[in-house]
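Everything numeric here is computed off the predicted structure, so don't read it as measured data. All heavy atoms count here, side chains included; hydrogens, waters and symmetry mates do not.
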Amino acid sequence: QVRLVESGGGLVQAGESLRLSCSASGFIRSPNYMGWYRQAPGKLRELVATISNSGATNYANSVKGRFTISRDNAKNAVYLEMNSLKPEDTGVYYCNFRRPLLAALEYWGQGTQVTVSS
């Protein structure tokens with residue numbers, strides 16, 4: 001069991017920045033991926049970025065060059081630095097933890113709202 005708690009969401013204007021944090025607790029085992037997904041009103045949840053315990057990253061094309069994902073394995077935390085935010089980035093951002101090749105071992109946080117006004 002893994003518990004994930006997100007923080008850092010808020011309301012910002014286009015062009016501004018936010019930093020999201022996610023803290024994991026419980027039975028943390030490797031290898032694993034931690035990452036961020038988002039869901040806008042009326043849309044499906046989509047990948048934003050993931051990072052493995054070894055540092056390999058994966059980004060959605062829409063955020064490449066603007067967002068940076070990082071993690072601190074000692075703290076079991078993952079972060080998302082979001083720069084040059086756009087209204088299209090608005091949504092609920094969810095922290096995710098998963099074990100590769102073990103589809104059943106996937107956990108989600110409650111989500112944190114990010115709203116970007118134009």
Side-chain angles (χ1 to χ4, degrees):
Q1 295 289 312
V2 176
R3 180 171 179 255
L4 305 170
V5 180
E6 305 101 329
S7 64
L11 173 64
V12 298
Q13 293 184 323
E16 296 183 340
S17 300
L18 279 175
R19 180 179 171 86
L20 305 183
S21 298
C22 174
S23 178
S25 61
F27 200 1
I28 310 300
R29 293 177 290 181
S30 296
N32 67 70
Y33 289 86
M34 295 186 71
W36 296 92
Y37 293 72
R38 67 188 181 190
Q39 186 167 21
K43 296 184 178 180
L44 298 175
R45 188 174 300 182
E46 65 177 358
L47 171 90
V48 177
T50 62
I51 183 168
S52 73
N53 56 276
S54 62
T57 59
N58 183 43
Y59 293 92
N61 288 332
S62 60
V63 306
K64 286 182 179 178
R66 298 190 298 120
F67 293 8
T68 301
I69 190 169
S70 61
R71 65 186 289 168
D72 185 335
N73 291 335
K75 297 180 179 179
N76 292 321
V78 63
Y79 310 95
L80 185 69
E81 181 69 36
M82 304 185 293
N83 299 314
S84 301
L85 283 162
K86 305 174 181 179
E88 304 92 270
D89 296 317
T90 294
V92 178
Y93 283 66
Y94 297 91
C95 185
N96 173 265
F97 174 97
R98 66 179 176 88
R99 299 287 307 283
L101 305 181
L102 295 171
L105 297 182
E106 185 171 19
Y107 304 91
W108 296 91
Q110 294 184 95
T112 184
Q113 178 70 42
V114 172
T115 302
V116 184
S117 65
S118 59

What is the distance from atom CG of L80 to atom OH of Y59, rounded to the nearest 0.5 Å?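 Answer rounded to 0.5 Å: 7.5 Å.
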
Rounded distance [0.5 Å steps], OG in S25 versus CG in N76: 8.5 Å

With no hydrogens and no angle check, do the side chains of Y93 and R38 hold a donor and an acceptor under 3.5 Å apart?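 Present: a donor and an acceptor within the cut-off.
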
Please give me the minimum heavy-atom distance between [X] and [Y], naming the atom from each residue.
X: S118; Y: P87; answer: CB-CG, 3.8 Å
X: L4; Y: F97; answer: CD1-N, 3.7 Å
X: R99; Y: S30; answer: NH2-O, 3.5 Å
X: V2; Y: A24; answer: CG1-CB, 4.2 Å
X: C22; Y: M34; answer: SG-CE, 4.4 Å
X: L20; Y: W36; answer: CB-CH2, 3.7 Å

Start with the C-alpha gap between V92 and R45, add the side-chain angles, then the distance that decides, and say whether side-chain contact (heavy atoms from CB on, under 4.5 Å) holds. CA-CA 9 Å; V92 178; R45 188 174 300 182; over 6 Å; no

Once side-chain hydrogen bond (donor to acceptor under 3.5 Å, both in side chains) is applied, what residue pairs with a partner in residues 8-21 remain, sequence neighbours excluded?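 Only S17-N83 qualify under side-chain hydrogen bond (donor to acceptor under 3.5 Å, both in side chains).
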
Is L47 linked to Y94 within one hydrophobic cluster, defined over Ile, Leu, Val, Met, Phe, Trp and Tyr using a side-chain heavy-atom separation of less than 4.5 Å?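 Shared cluster, yes.
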
Would you kindly confirm whether I69 and I28 end up in one hydrophobic cluster when ILVMFWY residues are joined by side chain heavy atoms under 4.5 Å apart? yes

Under the side-chain contact (heavy atoms from CB on, under 4.5 Å) rule, what do V78 and D72 come out as? Steps first, then yes or no, please. CA-CA 6 Å; V78 63; D72 185 335; over 6 Å; no

Does some side-chain heavy atom of [Y] sit less than 4.5 Å from a side-chain heavy atom of [X]?
X: E81; Y: L18; value: no
X: V48; Y: F67; value: yes
X: T57; Y: T50; value: no

I'd like to know if the side chain of [X] reaches the main chain of [Y], judged simply by a donor and an acceptor atom lying under 3.5 Å from each other, with no hydrogens or angles considered.
X: E6; Y: C95; answer: yes
X: N53; Y: N32; answer: yes
X: S52; Y: S54; answer: yes
X: T90; Y: V116; answer: yes
X: R71; Y: I51; answer: yes

Taking the six-membered ring of Y33, is the NZ or CZ of R98 close enough (under 6.0 Å from the centre) and on axis enough (within 45°)? yes

Show the numbers, then the answer: is there a side-chain contact (heavy atoms from CB on, under 4.5 Å) between D89 and R66? CA-CA 11 Å; D89 296 317; R66 298 190 298 120; 2.8 Å; yes

Side-chain atoms of residues 104-114: list all donor-acceptor pairs with protein atoms under 3.5 Å, sequence neighbours left out, distances to 0.1 Å.
from, atom 1, to, atom 2, distance (Å)
E106, OE2, N96, ND2, 3.0
T112, OG1, G9, N, 3.2
Q113, NE2, T115, OG1, 3.2

